[in-house]
Each structure stands twice: as structure tokens, then as C-alpha cells.
Amino acid sequence: MEETSTMPDSAVPGPAPAVPPTPPVPLAALLAREDLGLRQIAGPRDSATVIHWAHTSEMADPYPYLLGGELLLTAGVHVPEAAGSGTYFDDYVSRIVEAGGAALGFGVAPVHDTVPRALVVACDDYGLPLVEVPPRTTFSGVARAVWQLMAQARHTELRRVTEAQQSLAAAAARPDPVPSVLRQLAQRVGGRAALYAPDGGEVASAGRVPGVGAGGSLDGGSGSGSSSGSEVSEALAGLVAVVRPATGNGSGAGGGGVSAGGGPTPSSASDTAAGVHLAAYALGTGQGFVLGVAAPRRDPGDHTIASVGAVLLSLLTGEHQSSTGAARSSALVRLLLGAAPEEVAPLLGGGERWVVVHARPDGPAPDAVTASALGAALGSALVDVDGDVVRVLVAAGRRELAVQPGWTCGASAPVGPHEWASADTQAARALSRARATRTRLVRHGEHPGLAGLVPPDEAAAHARTVLAPITANPALTETLRTWLSLHGSWDRTAVALSVHRNTVRQRIARCATLLSTDLDDPDVRMELWFALRQA
């Protein structure tokens, strides 16, 4: 006999869907369809009984063809004439139950006029719901009704998830975002949500444990339900400990950490205690925060809603909430209040030497997201977007500066905190040279020369004397510097300075006049370049 299955696509093994899979259908909803005329005649009448799909089979042993959760439909073609006097139906029903079948639908016609009495008894004995399918109802009609109910349930579930996502996002925008998100999450899952700190302590919570009295909490409570509340509290705390990375370097949702024993630490886990479904989600903050949820059910929609809450809490408990972020905030405040850079530098988490990087993207002007991505690639969160340029302050030696695809960069020499301002200027000049020479990365002072043999104080004094006639006009000084660095190229200098080439010619001519020198003389150019390097 040929097997036919009406299993939905969601049951086919494959990658996890991005949206909640089709929810199961309560058997009671199918029985309530008046157009089908179905009637349960045996087995437990439990409102919690659900079916995941419909499957038709006339095999005497359907076990190899069942996946579990089916409404198995049969017309009894496989039933021998003497089945009622032996163990046939006991064996048949036991195999369905063993395979995880949810219910059995028996078609009255065209083979049997009534449902065999022995089958009714066997279904009662094994606790398998038995549904009588009248002659006017086809198996295809039953299967279609199952898929219709599933489509309705899916639509309802997706709408519930969408509304929950919107309400959670709105909560995250409130003045008290963390408690608001927890309250909204607890309301949406019908339970309790709590945020745990890296040390395991509860930072904030909302809602109550399902099944525990109105005053119940994760810490238990007085009156009925306190012991089960305590049991849930302990179980959830244990689950939180499982997903929290032992190193404190948490991973994002969907990732993994490293446990103390070197094995993988899951980013989420679930369990059950006292009939309550528990779930824990490691937040992607890198600081060990964990979201714990206690709810009366565990279905894909609730998991999706809790995952959205975990993502929002990851953002809200991000680095700006961590000790590192607090130190950076403190450093900024101290700078604004007049503290020396040397004093605040240790708070930024770097060493004694720093590099300033100026970068311009190949595409549109950078925004906060692209700038943060560049900073992450360079190993620093100290990022500033200034028009078309992104400036990054990087601790020297933390990682080697590398060419960044899609960016043109200029880097300063490694400097101490008291030289950050001059390093910023160096990086800007290096970026200009990189753009003019179409080089991805230019470092200031990559090739030390004879200038290093002259004491800095004497070199600076000489530079002030030589450049005195043009020092009052920064545009002339910068144009001369760029023009000399690009070997007297008018076009490339114009590109580097974002001005017209005629403007470059006019400025260089003005420099020659004020300096009373011949800029075509290589010795003069060398002397001026040396002075500009020290300025």
C-alpha cells in the first residue's frame, strides 16, 4: 500500500527558520469544525492534545512512517476479518503510541460501517484519542482543515510576536529602559523576567513566577507556592550560571563562550522546574550579563520574543554600562574639567603610547555605524566622526595597524598623551598624502632620516626662523607642505587639499615671494621640507 503524507514544510529537517514555525493545532479545534462532523469516541479528552500534521496510512504497522505528533488517518483497509478476536488492535495502537502519534482518525466507509469495538477499547487502554470520521468527510478535507487551522495559528503567532517586538522596542526608548523592557517581556510571556549581573546577583526584574501567588517572586515568598517559587529561583540561577561565560567575555545571542573547563558555553539554555519553563540568554555585552525568563509555556513564539528582549538588553547593558565604559566617561569628564591628558590616559585602557588615525571611506560620508566598525577593526572604541573623516585614537602596540578595505587612512607616529594634539595633525597630513598618492595607508615618519640627528629644540627654532614669513597664514603653510610632499605636483596637491589647481599655483607663488626664494631649487625645497617637518 502506498504511503502518502501531508506533512508541512516546517517538519522537513533543515536550517532553523527565521520566524516561528507553524504552531500545532489543538485537537479540540479540529473537532469543533462543524463542516467535518468529527467525533471523538475513545481516549483522553485533554484540551492540551495537539496535532502537528495529518498523515494517511493503511499499513498494518505505521510505525516506520510516523515522525510523532500526527493525526493518523485510516479507513481500516489493513484490518483482517478476525482482528476483533485477537491482539491485532492492541499491537496496532501500541505501535502508534510508541511512534508518538497524537491521535487516530478512523474513516467509517467504505470498508467498515462502524468503528471496530476492539479498536475503541485499545485506544482507551493506551490513552490514544480516537476520532470517528463520517462517510461524508474525506481524509483530504480533514488534512486541509488541519492546514487551515495551522495557517490561522501561524498568523496569530506572528502577529503576537510582531506586537511584542514593537512594544519591547518602545520600552527600550523609555527613560528607564532596562526595567521597562523587563516589564514588557514579563507581560508578553506571562511570567517573570530578570536581569542578572556578572556576579550572579539580580540587577532588575519584573512579573511573577507562573503558578506562584500574586506576591510570589524568584526568591520565593510566603504562603502557598513559596517552596515552588524557591525551587524555580534556584533552578533559574543554575541555568544562568550555565550560559554565563566563565571568562566574563560574553558572546552575542547565537554565539558561544568558553567555560572554565575549556568547553563551549551556550548562549542560551532552557529547563523546567516545578512545572515552570525556564530560559536563560547570555547577553552580547562582553560583561557577563544574563537574562532569565520563567514562563508557563515554551513555544517558538515565546522564544522569539525573549530573544528580542535579550538583544535589546544587550544594547542597554553594553559597554557604556560596563566598568570600561564608565572609565571612559570619567576620562571625558576629567578632560572637560581641566585634567591633563596624562592623567586620564590610564582610564582609557591603553598604554603609554598612542596613535591617531584619520580615515576616509571610499563611498558615502561615514555614519556612526561605519565609524564604529572601523574602530572595532583597529581595536579601539575611541572613535569620532568629523564630516567626511573618521578619527580613531588607538593604543600603540595593542595590534598592528593594517590596511582597511574601503578606507584611505593616515596614521600619526606613536606619541604620549601630552602629544595627542600634534598627533592629530600628523594623522591629518598623512591622510592627505595617502589620498593624493592613492595609497591606502600612510604612516607619519615611516622612514626616519637625517632630521633625527638634529636636537629637537634646535630644529624647532630653525624652523620658526625659516618659515616666519608665512607662519601667519596657515593655508600657505599647509599648501607648501603638501606641494613639497607630492614633488611639486599641482594636480595631486589640489586633490589632497580639495582646492582648484590654480589656487595651488597662486599660493605657491605667494610663498616664493614671501620667503624670497626659488622653489625650483632642490636645495631650497630640502631646507623648507626640513623646516616644515619640525613645525
Side-chain angles (χ1 to χ4, degrees), residues 18-20 157-199 201-209 217-218 236 239-240 243-245 248-255 257 267-270 277-295 297-326 328-329 332 367-373 375-376 381 383 385:
V19 296
E157 188 74 350
L158 288 176
R159 183 172 60 185
R160 184 173 77 93
V161 170
T162 300
E163 291 175 351
Q165 290 174 334
Q166 294 172 345
S167 64
L168 287 168
R174 291 176 58 86
D176 54 343
V178 172
S180 296
V181 169
L182 291 173
R183 284 196 298 269
Q184 193 60 232
L185 178 57
Q187 177 183 339
R188 292 291 173 172
V189 301
R192 185 174 178 86
L195 178 65
Y196 291 84
D199 61 3
E202 187 179 293
V203 177
S205 63
R208 62 187 182 87
V209 177
S217 68
L218 289 178
L236 187 57
L239 201 60
V240 165
V243 302
R244 179 186 298 109
N249 296 323
S251 60
S267 61
S268 65
S270 58
H277 296 291
L278 310 176
Y281 303 83
L283 305 188
T285 63
Q287 303 298 321
F289 287 93
V290 179
L291 168 65
V293 178
R297 58 182 179 272
R298 182 192 299 149
D299 57 62
D302 289 292
H303 174 71
T304 302
I305 293 171
S307 296
V308 172
V311 171
L312 291 172
L313 290 171
S314 294
L315 299 174
L316 297 172
T317 58
E319 196 166 342
H320 63 283
Q321 298 279 3
S322 67
S323 57
T324 302
R328 289 176 181 156
S329 177
L332 175 60
D367 55 20
V369 175
T370 55
S372 296
V383 179
V385 181

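Predicted model only: the values in this text are computed from it and were never measured.
To the nearest 0.5 Å, atoms CG (Leu312) and OG (Ser180) are separated by 11.5 Å.
Side-chain polar atoms of Thr162 and Arg159 form no donor-acceptor pair below 3.5 angstrom.
Pairing each heavy atom of Ala193 with each of Ala186, the nearest pair is N-CB, 4.0 Å. The shortest heavy-atom contact between Ala172 and Pro177 is O-CB, 3.3 Å. Of all non-hydrogen atoms in Leu185 and Ala306, the two that sit nearest each other are CD1-CA, 3.8 Å. The nearest pair of heavy atoms linking Leu239 to Ala269 is CD2-O, 3.6 Å. Arg192 and Ala206 get closest at one heavy-atom pair: CG-O, 3.2 Å. The shortest non-hydrogen separation linking Leu278 to Leu236 is CD1-N, 3.7 Å.
Taking 4.5 Å as the limit, some side-chain heavy atom of Leu195 sits within range of a side-chain heavy atom of Leu283.
Within the structure, salt bridge (Lys or Arg N to Asp or Glu O under 4.0 Å) contacts touching residues 160-172 (residues at least two apart or in different chains) are Glu157-Arg160, Arg160-Asp299, Arg160-Asp302.
When each of Leu168, Val293, Leu291 is tested with Leu182 by the rule side chain to side chain contact (heavy atoms under 4.5 Å, CB included), just one qualifies, namely Leu291.
For His303, the ring-ring contact (aromatic ring centres under 6.0 Å, His included) test picks out Tyr281, with sequence neighbours left out.
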